[in-house]
Student: 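Sharing a structure here in structure tokens format.
Numbered from 1 within each chain, the chains take letters A, B, ... in sequence-line order. It should be emphasised that the depicted structure is a prediction, and the values quoted were computed from it without experimental measurement.
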Amino acid sequence: MIDKLNEPQREAVTLPAQHALVLAGAGSGKTRVLTTRMAWLIQTGQVSPLGILAVTFTNKAAREMVARVSSILPIDTRGLWIGTFHGLCNRMLRAHHRDAGLPQAFQILDTADQLAAIKRLLKANGIDDEKYPARDVQRFINGAKEDGLRPGDVEAHDSFRRRLIEIYTLYEKQCQREGVVDFPELLLRAYELLARNEPIRSHYQRRFRHVLVDEFQDTNTLQYKWLTLLAGGGASLFAVGDDDQSIYAFRGANVGNMADFERDYARGTVIRLEQNYRSFGHILDSANALISHNNGRLGKNLWTEQGEGEQIRVVEQPTDLLEAQWLVDEVRGLISDGRDRSQIAVLYRSNAQSRVIEHALFSSGIAYKVYGGLRFFERQEVKHALAYLRLMANADDDTSWMRIVNFPPRGIGARTLELLGDQARAYDTSLSSAVARVPGKGGSNLAQFATMIQRLAAETRELPLPEMVEHVIDQSGLIAHYQQDREGADRIENLKELVTAAAAFVSEANLDGLPAGVALQAPATGEFMGTEPGEGESSVASDALRVGFDGLSPLMAFLSHAALEAGDNQAQAGQDAVQLMTVHAAKGLEFDAVFITGIEEGLFPHENSILEQAGLEEERRLMYVAITRARERLYFSLAQSRMLHGQTRYAMRSRFLSEIPDEHLKWLTPKQGLSDSEPRWKSGGGSFDPYARNPKSSVVSAAPRSVTSGVTVGAQQFRVGQGVRHARFGEGTIIGLAGSGIDAQAQIQFREVGAKTLALGVAKLDIIQS
DNA sequence: TCCAGGCCCGTTTTT
DNA sequence: CGGGCCTGGA
């Protein structure tokens with residue numbers, strides 16, 4: 001098990017029971033260490049599988065961990081507490097719902113549901129949504145929760161914030177009444193449960209002897225508190241992470257947790273995994289050089305035994321279109337060299353960049369796959385179907401009610417819903433309970449809808465889950481509705497896919513054939529997890545330790561699953577395709593060949609980040625992540641101008657480029673900023689090839705100075721040698737001209753920012769001397 | 001109730 | 001430029 005590990009890996013895996021921080025560089029075998037440690041702890045008899053808790057951020061990572069542990073050691077993985085923060089907290093809250101003050105069948109709101117709930121709240125309370133936009137309110141509430149703060153804990157500096165706190169209070173009341181819980185609430189509730197309930201806390205503290213955390217640099221304040229509380233009874237906290245790959249500060253991650261953890265818990269037990277098994281030397285050294293510009297790092301230097309490999313190929317193009325065109329040509333070359341398309345990744349800083357690249361790939365018929373976008377359970381029609389199911393399980397779920405009360409349309413308009421809302425508010429009940437008090441036609445339509453939901457629930461209660469789902473998508477009228485829609489075919493397809501998903505879930509969870517609407521009395525899996533051998537079985541234990549879904553119906557279990565795991569990104573599935581994604585989405589992945597595009601100031605680093613040091617350093621880490629995705633070949637590309645927000649913007653090279661030593665870079669276009677020789681530059685001196693000479697010599701000596709050729713664009717006449725002024729780049733001299741009319745381009749040597757190639761039809765230039 | 005057209009805005013994202 | 005959202009008119 002451990003003999004194939006390198007020295008630091010083995011040290012980490014076989015560390016005695018104590019707190020430890022493992023600084024695991026990119027490609028250094030992080031997951032391997034984590035899973036081997038679990039297997040080693042179990043195999044050496046130091047802990048039973050029941051005494052381990054392992055936390056990750058994504059379901060994918062959790063699944064992989066389970067798979068790898070069970071491949072090392074044949075154990076029953078159902079007994080393992082391996083999962084995401086949210087998944088594990090959900091499990092605890094279901095088991096202790098009474099102590100947590102929740103109905104057992106509480107529903108989980110995803111981000112979109114939460115936003116809808118907040119909008120409804122703002123409207124119901126007549127809150128000015130100009131001053132308090134739902135998005136901002138959501139950010140405020142989630143931010144507070146992620147810091148572990150309830151409304152009473154948030155400091156109210158001014159009246160604006162006081163109002164936000166009031167809204168937060170109202171929102172909590174609404175969620176409580178509806179029996180719903182948002183994502184950060186899952187964590188906060190679970191934390192408070194442990195913090196306030198001594199028997200439950202000490203039960204879990206005694207049970208989990210080893211707590212292991214993946215991607216520790218991404219934890220937020222609340223997650224850190226939850227972990228240290230859980231491990232507070234003498235358990236060992238084994239945290240694995242890489243501060244240089246912390247790229248999620250914008251959603252609450254606190255890199256500082258790593259340093260805090262080292263100081264307060266690990267106390268010098270820090271193991272560095274620095275040998276990289278992924279990339280060649282030039283790539284690693286570039287990454288090391290770049291990241292060394294950050295301050296306050298825990299410190300780490302990647303190395304490899306693989307040799308130098310190739311330099312990074314750098315290309316600068318005049319426009320984003322040409323950048324994409326060049327990329328397509330290069331990708332085509334890689335493919336004809338026999339590389340798998342799926343081993344080629346095109347990375348970008350922001351999603352907006354993908355359009356031009358997709359267009360170019362599409363036009364040239366290269367198969368590609370874009371990551372990101374809507375996932376299965378987030379699709380409109382799937383959410384509609386789930387809303388029916390949720391309402392059947394919990395009639396008080398107003399968010400689901402509002403989503404489908406008039407979908408498909410059944411003559412329930414805004415006026416009726418307003419009346420219904422008034423009644424619900426007046427009596428402080430759910431919308432569903434207020435139906436009887438709405439008079440007239442609207443009232444009877446509402447009653448009909450409410451009856452339909454009840455009828456659906458009654459009719460399907462005893463059916464297996466997949467049949468229940470099938471019945472609902474049919475009887476609700478969803479299928480019929482989309483059949484009338486010209487573009488509804490895909491949606492119907494997805495609704496049918498939901499039935500398949502339910503079937504897969506049921507078989508995975510061992511719930512085959514059970515009545516979907518009936519709470520499971522016996523442990524669903526037939527397993528009783530028990531406590532550590534020899535420990536007594538308190539009432540807490542017997543309540544908490546059943547695996548899975550005791551007390552929940554298969555339907556409820558499925559709904560939780562749908563909320564906690566939004567499913568695949570549904571990037572066009574199938575064949576071998578070039579991989580397109582943001583740098584964020586690429587974290588954790590690796591490819592033989594990687595293109596990092598748009599390496600320009602303002603884009604990467606992004607303009608919104610460069611004003612603050614913390615922001616800039618996160619951008620640098622992002623670049624570090626991007627570079628370390630590549631195994632063999634890495635490309636940097638940038639465009640001097642690109643279309644953004646409907647207008648052409650000019651950019652300078654990213655500062656990150658200059659933070660990487662020249663020896664690692666191989667410029668495919670001239671380093672000094674001349675564009676590609678295509679089209680050929682007019683110059684007075686006959687043939688001039690900017691590449692043929694010494695590409696590293698300064699522009700001034702390499703550029704032609706002749707004044708014999710000129711170009712006319714609109715009313716302006718340009719010629720080489722002319723002085724011009726640009727609004728952004730300042731003053732400069734034209735050193736080359738190409739093309740004619742609106743396609744004309746000029747190379748200009750600017751005094752401040754160096755050489756640029758500008759499209760004369762687009763750039764606004766003043767001629768300052770002839 | 002529904003749709004069209006105007007308007008605003010524009011990093012990164014998992015659960 | 002393009003997408004999402006809201007509003008106003010039929």
Student: Mind running ring-ring contact (aromatic ring centres under 6.0 Å, His included) on A/Y371 and A/H584 for me, showing each step along the way?
Tutor: CA-CA 11 Å; A/Y371 284 76; A/H584 282 91; over 10 Å; no

Student: Does any pair with a residue in residues 180-193 of chain A pass salt bridge (charged side-chain N to carboxylate O under 4.0 Å, His left out), and if so which ones, sequence neighbours excluded?
Tutor: A/K145-A/D182, A/K145-A/E185, A/R150-A/E185, A/R150-A/E192, A/E185-A/R189, A/E192-A/R196

Student: Over 60° means perpendicular and under 30° means parallel, so tell me whether A/Y224 and A/F261 are parallel, tilted or perpendicular.
Tutor: perpendicular

Student: Would a 4.5 Å heavy-atom cut-off, applied to side chains only, mark A/D113 and A/R390 as touching?
Tutor: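 They are in side-chain contact.
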
Student: Please state whether the rings of A/F558 and A/H561 are parallel, tilted or perpendicular, taking 30° and 60° as the class boundaries.
Tutor: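 Parallel.
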
Student: What residues in residues 215-225 of chain A put a non-hydrogen atom under 4.0 Å from any atom of DNA chain B?
Tutor: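 Output list: empty, so none.
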
Student: Using a heavy-atom cut-off of under 4.0 Å over every strand shown, decide if A/D110 touches base, sugar-phosphate, or nothing.
Tutor: nothing

Student: Rounding to an integer number of angstrom, what distance separates B/dT12 and C/dC5 when you compare their P atoms?
Tutor: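 Nearest-Å result for B/dT12 against C/dC5 at atom P: 16 Å.
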
Student: By a strict heavy-atom criterion of less than 4.0 Å, which residues belonging to residues 55-67 of chain A are in contact with DNA chain B?
Tutor: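 When residues 55-67 of chain A is checked for heavy atoms under 4.0 Å from DNA chain B, the hits, listed by number, are A/F57, A/T58, A/N59.
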
Student: For A/I412, which contact category applies under a 4.0 Å heavy-atom criterion: base, sugar-phosphate, or nothing?
Tutor: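 Sugar-phosphate only.
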
Student: Distance-only criterion, 3.5 Å: show the donor-acceptor pairs between side-chain atoms of residues 408-419 of chain A and protein atoms not counting sequence neighbours.
Tutor:
from	atom 1	to	atom 2	distance (Å)
A/R410	NH1	A/I404	O	2.7
A/R410	NH1	A/V405	O	2.9
A/R410	NH2	A/Y388	OH	2.8

Student: Quick check on DNA chain B: between A/H584 and A/G87, whose nearest nucleotide comes earlier from the 5' end?
Tutor: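 Upstream on the strand: A/H584.
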
Student: Quick one: is B/dT12 close enough that its OP1 or OP2 comes under 4.0 Å of any side-chain N or O from A/R251?
Tutor: no

Student: So, using ring-ring contact (aromatic ring centres under 6.0 Å, His included) as the criterion, who are the partners of A/H384 when residues are at least two apart?
Tutor: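 A/H384: ring-ring contact (aromatic ring centres under 6.0 Å, His included) contacts with A/F407.
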
Student: So, is A/N351 near the phosphate of B/dT13, with a side-chain N or O under 4.0 Å from OP1 or OP2?
Tutor: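 Looking at the OP1 and OP2 atoms of B/dT13, one of them is under 4.0 Å from a side-chain N or O of A/N351.
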
Student: For A/Y248 and B/dT13, is the gap between ring centres under 5.5 Å while the planes differ by less than 30°?
Tutor: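 Taking the rule of under 5.5 Å and under 30°, the ring of A/Y248 does not stack on B/dT13.
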
Student: Tell me, please, which residues at least two apart from A/Y635 pass ring-ring contact (aromatic ring centres under 6.0 Å, His included).
Tutor: A/W326, A/F595

